[in-house]
Amino acid sequence: GYIGGDGANGGNLTLTCKNCGDLRALLGNKIQVRTYGGNGGLGGDGGLGGLEGLVNAGQTSQDGNPGPKGRAGKSGSTGKNGAINLEGN
């Protein structure tokens with residue numbers, strides 16, 4: 001199966017404010033910010049196994065076995081979280 005795509009990294013945010021008081025007190029209270037990285041994509045399913053080979057003379061005991069199912073692809077990586085920078089007075 002195909003490998004899942006990697007999640008995108010979260011962006012960085014810089015808040016700059018003069019005369020705003022304590023920015024840390026506002027963050028999470030009056031200002032909600034999320035800078036999470038994206039989720040990685042799921043790996044694809046493995047393909048079906050191939051058909052068995054058949055004997056054409058009617059002796060089914062000599063028929064081959066079906067091929068094994070393919071392996072599932074690996075999931076992608078989660079993106080890195082971004083940063084929040086606060087610059088006050």
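All values derive from a computational prediction rather than experimental measurement.
- The environment of Leu48 atom CG is sparse: at most 12 non-hydrogen atoms of other residues, nucleotides or ligands sit within 6.0 angstrom.
- Atom OG1 of Thr78 and atom CG of Asn9 lie 10.5 Å apart (nearest 0.5 Å).
- Counting non-hydrogen atoms of other residues, nucleotides and ligands closer than 6.0 Å to CD1 of Ile3 gives a total of 12 or fewer.
- In this structure, Gly43 and Ser75 approach most closely via the heavy-atom pair N-OG, 3.5 Å.
- If you take CZ on Arg34 and CD1 on Ile84, they are separated by 8.0 Å, rounding to the nearest 0.5 Å.
- When side chains are defined from C-beta on, Asn12 does not count as touching Thr35, because their heavy atoms never get closer than 4.5 Å.
- Between the side chain of Asp6 and the backbone N or O of Gly76, no donor-acceptor pair lies under 3.5 Å.
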Side-chain donor-acceptor pairs under 3.5 Å in residues 61-70, sequence neighbours left out?
| residue | atom | partner | partner atom | Å |
| --- | --- | --- | --- | --- |
| Gln62 | NE2 | Gln59 | OE1 | 3.3 |
| Asp63 | OD1 | Val55 | N | 2.9 |

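- Residues passing the side chain to side chain contact (heavy atoms under 4.5 Å, CB included) test with Leu13 are Leu15, Val33, sequence neighbours excluded.
- No more than 12 heavy-atom neighbours from other residues, nucleotides or ligands sit within 6.0 angstrom of CG on Asp45.
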